[in-house]
Structures are given as structure tokens and as C-alpha cells.
Amino acid sequence: MTDKQTVLTEAAYYILLSLYEPLHGYGIMQKVAQMSGGRVQLGAGTLYGALSSLVTKGWIVEGAQYDRKKEYQISSLGHSVISNETARLAELLANGQRILRDAVEADTQADTEEG
């Protein structure tokens, strides 16, 4: 599967977004919770497993380490992946909104013709 075809999990998506600035694990957890309005809460196991996978894929890089806290940051490949995923999600949203709008219009027209 190429990066253009990659579908990200919600956790990976938020982790990548949070790493447009260097952050350590706890900072990532806080940033993801803040961006999602508290809906997405990453546990340590989930976070560090995802970080390891994202490093292996080359989507993020490990940076400086301070007081046993390793910082991570999105890579140029990660920028490409998040850009492609954001475009994919925008397409999904636009198609869903179009279908729902068309369905409401059809229902309204059917109600008008019946009444």
C-alpha cells in the first residue's frame, strides 16, 4: 500500500497533527485530548506503540531527549501522509453532505407533492 492510499486510524491522525511542533509523549497525549475536545484520550500503551510504528514508517522522527523525555516531530513524509489523509477525509465529508442534502431535498419534494 502506498502512502497515498494509507488510511490512518484516528489516533495516528491526531498524533501526526500534534507533532507539527516537537513534543514528548505526555505532551502528545495532552495535545490530542485538546484537539479532540477530550473525546480522544490516548493511553500510554497505545501512544508508544503508535509512536514506534510511525517512526518505523518514517512519518515521524525522534528528536532531542530531555530528562528521559524523548521528543518527536512529524517528518516530510509524515506531512505528505497527513495531507493525503486530510484530502481523503474532506472527500468523504463532501460526498456524505451531498448525499444527505440530496436526500433531504427529495424528501421535501415528495412531501410537497403529496400535500
Side-chain angles (χ1 to χ4, degrees):
M1 181 179 282
T2 66
D3 292 326
K4 192 166 181 91
Q5 298 168 322
T6 298
V7 175
L8 299 178
T9 64
E10 189 171 24
Y13 184 79
Y14 274 119
I15 291 168
L16 288 172
L17 285 178
S18 73
L19 291 175
Y20 272 79
E21 63 183 83
L23 289 172
H24 53 77
Y26 184 68
I28 295 168
M29 291 169 144
Q30 291 178 313
K31 183 84 172 190
V32 167
Q34 181 255 328
M35 283 190 293
S36 68
R39 189 179 55 77
V40 178
Q41 300 284 331
L42 297 175
T46 300
L47 174 64
Y48 289 103
L51 289 173
S52 176
S53 175
L54 296 173
V55 167
T56 299
K57 291 177 180 179
W59 298 354
I60 64 173
V61 293
E62 296 177 349
Q65 186 167 340
Y66 305 99
D67 298 325
R68 299 183 316 209
K69 294 179 182 178
K70 190 182 299 181
E71 285 190 337
Y72 299 88
Q73 189 165 6
I74 193 167
S75 69
S76 59
L77 180 57
H79 284 279
S80 176
V81 168
I82 200 75
S83 178
N84 290 336
E85 179 67 353
T86 301
R88 186 188 74 81
L89 292 170
E91 179 184 332
L92 287 173
L93 179 61
N95 286 333
Q97 288 173 329
R98 180 180 47 79
I99 295 297
L100 291 173
R101 183 184 59 245
D102 291 351
V104 168
E105 288 173 4
D107 288 346
T108 303
Q109 186 175 13
D111 289 346
T112 302
E113 290 173 359
E114 289 176 7

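All values below come from the heavy atoms of this structure, side chains included, with hydrogens, waters and symmetry mates left out.
- Note on Tyr14: it does not cluster hydrophobically with Val61, by side-chain heavy-atom contacts below 4.5 Å among ILVMFWY residues.
- In this structure, Ile28 and Leu51 have side chains that are in contact, with non-hydrogen atoms separated by less than 4.5 Å.
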Gln30 and Tyr26: CA distance, side-chain angles, deciding distance, side-chain hydrogen bond (donor to acceptor under 3.5 Å, both in side chains) verdict: CA-CA 6 Å; Gln30 291 178 313; Tyr26 184 68; 3.3 Å; yes
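- Counting only residues at least two apart or on different chains, no side chain to side chain donor-acceptor pair (under 3.5 Å) pair has a member in residues 40-54.
- Closest non-hydrogen pair, Ala44 versus Met29, comes out as N-CE, 3.3 Å.
- The CG atom of Leu47 lies 6.0 Å from the CG atom of Leu42; values are rounded to the nearest 0.5 Å.
- Between Ile82 and Leu8 there is a side-chain heavy-atom pair separated by less than 4.5 Å.
- With hydrogens and angles disregarded, a donor-acceptor distance shorter than 3.5 Å links the side chain of Ser18 to the backbone of Ile15.
- We find that Glu91 and Arg88 are not joined by a salt bridge, their nearest charged nitrogen and carboxylate oxygen being 4.0 Å or further apart.
- Looking at Trp59 and Leu19, their side chains never come closer than 4.5 Å, going by heavy atoms from C-beta outward.
- Note that OG1 of Thr6 is 8.5 Å distant from CD of Glu85, once rounded to the nearest 0.5 Å.
- Atom CD1 of Ile60 and atom CG of Leu77 lie 11.5 Å apart (nearest 0.5 Å).
- In the hydrophobic clustering of this structure, Tyr13 groups with Leu92; members are Ile, Leu, Val, Met, Phe, Trp, Tyr whose side-chain heavy atoms approach within less than 4.5 Å, directly or through other members.
- By the rule that hydrophobic residues join a cluster once side-chain heavy atoms approach within less than 4.5 Å of another member, Leu16 and Tyr20 end up as members of one cluster.
- Contacts of Arg101 classified as salt bridge (charged side-chain N to carboxylate O under 4.0 Å, His left out), with partners at least two apart in sequence or in another chain: none.
- Interatomic distance, Glu71 CD to Gln65 CD, rounded to the nearest 0.5 Å: 10.0 Å.
- The heavy-atom pair separating Ser75 from Gly58 by the smallest distance is OG-O, 2.5 Å.
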